[in-house]
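Mind looking over this structure? Questions follow.
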Amino acid sequence: MTAIVVLLNLGLGLAGLGALRLSLARHHDAVFAVPLARRRALAWRAGGWVAIALSLAVAVRFEGWDFGPVQWLGTLTAAALALVVVLSYHPRLAWWLVVLPLLSSAALLTGLSAGGP
Amino acid sequence: MRNGFRQSMAWLHTWSGLIVGWVLFAVFVTGTASYYRTDITRWMQPELRREASLDPDAVARAADLAVAHLQTHAAGARAWFIGLPQPDRPLVDLFWRGRPGTPPNRVFLDPRTGEPAALRDTRGGDFLYRFHFELHLPPLWGRWIVGICAMIMLVALVSGIITHRRIFVDFFTLRRDKAVQRGWLDAHNVTGVLALPFHLMITYTGVITLGLMYMPWGVTAAYKGDMQAFFAETGQVTQPRPAAGRPGTLAPVGPMVRHALATIPEPLERLTVQNPRDANATVIAVFEEPHGLSHEHPQVAFDGTTGAVVEVRAGGLRPAARTFTTMVGLHEAHFAGPALRVLFFLCGLMGTAMVGSGLVLWNVARLPKKGGAPGFGWRLVHGLNVGTVAGLPAAVAAYLLVNRLLPAGLAGRAEWEVRAFFGVWLATTLVAFLPPLRPRLAWSGAMALAALLYLAAAAADVLTARGLWDDPAWFLGFDAVLVLLAAALAVVSRKIVRYEPPRRARKADPVPAPGGRVAAKPRSAGQPAPAMRRETETRLGRA
């Protein structure tokens, strides 16, 4: 149970931080041909924060207010480290590192809600 | 602006970090390993057979055998500590102090027979755990030194945050293709900033854990220095019962153990017997903490001569005491299951990397000019860096390796393991100081040595202890982690040998718009960045 929630937190953390990263001109322009417009940046930023907030909500929902925040911060740290190291070697994966974790998180979340806590 | 706030904070960060860096690195390595303290102990005693479960009768019988042993061998002791068998560690663990000046006694018994257990003599994960806050010094000295270093680390953390002017813009930035110094600064920033919640939590709660030792004045004033009275009144221990001064006979502890087990639904961890031969003897059953952040052990106290329950203490701490036990709980992470434990371990590794990269950065930022010779300060820091950052992981590997190589019957075996730990650490440091050794060769050589030692420890386990494993998958998993560590260290060693500084490192990437705002118009690529170099120098405290 906890392991699945940790995976879900990792996925949401990766997607959220990946989106926040793409809201920064330096990282965005390294991947996309079109320079970052202000609107796009705001959209990336909003999406990123939503995913991170959702991750906290999931952690608190399944682990409670005592362990939830601990697990949320821990998974955010791990996700950020993975993101920074992987993208330092393969910057082109930036887009995939948002989409794939998001899809797998969605699948996990559906599975969890179907199964119930 | 030359002596502005940020510059003074950069200076403070550099020097506060450097003077305690080596101790902090050791504290981080051993503390991170301590998240797997029981696993390390298990690996270091492969003879131990685990049990599926232990029924209350078996625990009660083990307690009776333990008391019988102590009555013959520790009659004069004022207190007995009896670790009771657990399914994953079915041993009776006895501890008592003899006359002042003699070393404390520790004996492991087989819980079925009461005979000394047939296990190799080792300090296991407990050595790394105690080193984490006592540095293998007399406890008081070690705890003071670690505490002062941790307080200075808080200074370094806060001044580092202030110095780092672009936390959000550089949040995801790890540039490996720019100047050496830039790369190390990025590595230091990334490991520091990404795990910042952990670093702040672990440093602060670490100081708090021993806070009563560093700041005892409240207890001195309100309780006349009587710590036990303070702990009892805050609900952390049962009420102390002073000795009556008349001899008494200890009642059988088996029934007390059964009664305690029926009272509290947690595993029973240990018994403490105070004044065992006094009319006012007390037996305290201490349980494992219930699942929760807070680190508080339920306890049941018995009158030792009659066996009657004196006090039951479970939960119900007042807010201040609960804040304290929650901080201790967060620091020790006993609550963490396997998944969460991996995250704590990873954060610990990032803290280790933060301290290590900070130490290396000091040297990198002060590399002598081409053709120049490094000064004494540079060579001193370099030698200590190699000796600590590479030598300490090598020492931990040596500690594990000799556990498999030393003969089981060797006198003082556990001490020899500790000597191997310090021997390898010291030898690596001394070799790093040899003048003809080029700095890069010293680094790659020490890293390669550490990699070899981890590999050797895994190989020695498979070759010498295979027949003893009670759960081969578990031991192979532990060995796989050792091989992974060896591979990581080997990669580092190879990278150091192969490294070539990038040419034209000065032509750095464009300066981001001030304040981290997104630039409205596209910026011209490849624009020289004089501001960045200035910033790097400021951050390194050379302004």
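Residue numbering restarts at 1 for every chain, and letters A, B, ... go by the order of the sequence lines. This is a predicted model, so every value here is computed, not measured.
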| query | Which bit of A:L81 is near chain B, if near means a heavy-atom gap under 4.5 Å: side chain, backbone, both or neither? | reply |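 Both parts, backbone and side chain.
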
| query | Do B:R176's NZ or CZ and the ring of A:Y89 fall within the cation-pi criteria of under 6.0 Å and 45°? | reply |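 Geometry flag: set, cation within 6.0 Å and 45°.
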
With a cut-off of 3.5 Å and sequence neighbours excluded, list every side-chain donor-acceptor pair involving residues 323-346 of chain B.
unit_1 : atom_1 : unit_2 : atom_2 : d
B:T323 : OG1    : B:P319 : O      : 2.7
B:T325 : OG1    : B:S294 : OG     : 2.8
B:T325 : OG1    : B:A321 : O      : 3.2
B:T325 : OG1    : B:R322 : O      : 3.0
B:T326 : OG1    : B:R322 : O      : 2.6
B:H331 : ND1    : B:I202 : O      : 3.2
B:H331 : ND1    : B:T205 : OG1    : 3.0
B:H331 : ND1    : B:G206 : N      : 3.3
B:E332 : OE1    : B:H295 : ND1    : 3.4
B:H334 : ND1    : B:E289 : OE2    : 3.3
B:R341 : NE     : B:A336 : O      : 3.3
B:R341 : NH1    : B:Y35  : O      : 2.6
B:R341 : NH2    : B:A333 : O      : 2.7
B:R341 : NH2    : B:A336 : O      : 3.3

| field | B:M350, part contacting chain A, at a heavy-atom distance under 4.5 Å | value |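 Contact with chain A is through the side chain of B:M350 alone.
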
| request: Not counting sequence neighbours, which residues clear ring-ring contact (aromatic ring centres under 6.0 Å, His included) with B:W474? List them please. | output: B:F478

| query | Roughly how far apart are B:S34 OG and B:F28 CZ, rounded to 0.5 Å? | reply |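 Separation between the atoms: 12.5 Å.
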
| query | Given the side-chain rings of A:F67 and B:H291, with only the six-membered ring counted for Trp, is the space between their centroids under 6.0 Å? | reply |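 Between B:H291 and A:F67, which both carry aromatic rings, the centre distance is below 6.0 Å.
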
| Tell me, side chain or backbone of A:L7 under 4.5 Å from chain B's heavy atoms, or both, or neither? | neither

| said: Looking at chain B, which one of A:L83, A:V70, A:L87 has the largest number of heavy-atom pairs inside 4.5 Å, strictly under? | reply: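 Greatest number of close heavy-atom pairs with chain B: A:V70.
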
| Of the listed residues (A:R21, A:Q71, A:H28), which shares the most heavy-atom pairs with chain B below a 4.5 Å separation? |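 Max contact count across the listed options: A:R21.
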
| task | Pick one of side chain, backbone, both or neither for B:F198, based on which atoms fall under 4.5 Å of a heavy atom in chain A. | result | neither

| task | Quick one: pull up CD in B:Q236 and CG in B:L317 and give me the separation to the nearest 0.5 Å. | result |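 If I round to the nearest 0.5 Å, the distance is 6.5 Å.
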
| chain B interface, residue from A:L20, A:T75, A:T77 that has the most non-hydrogen pairs under 4.5 Å | A:T77

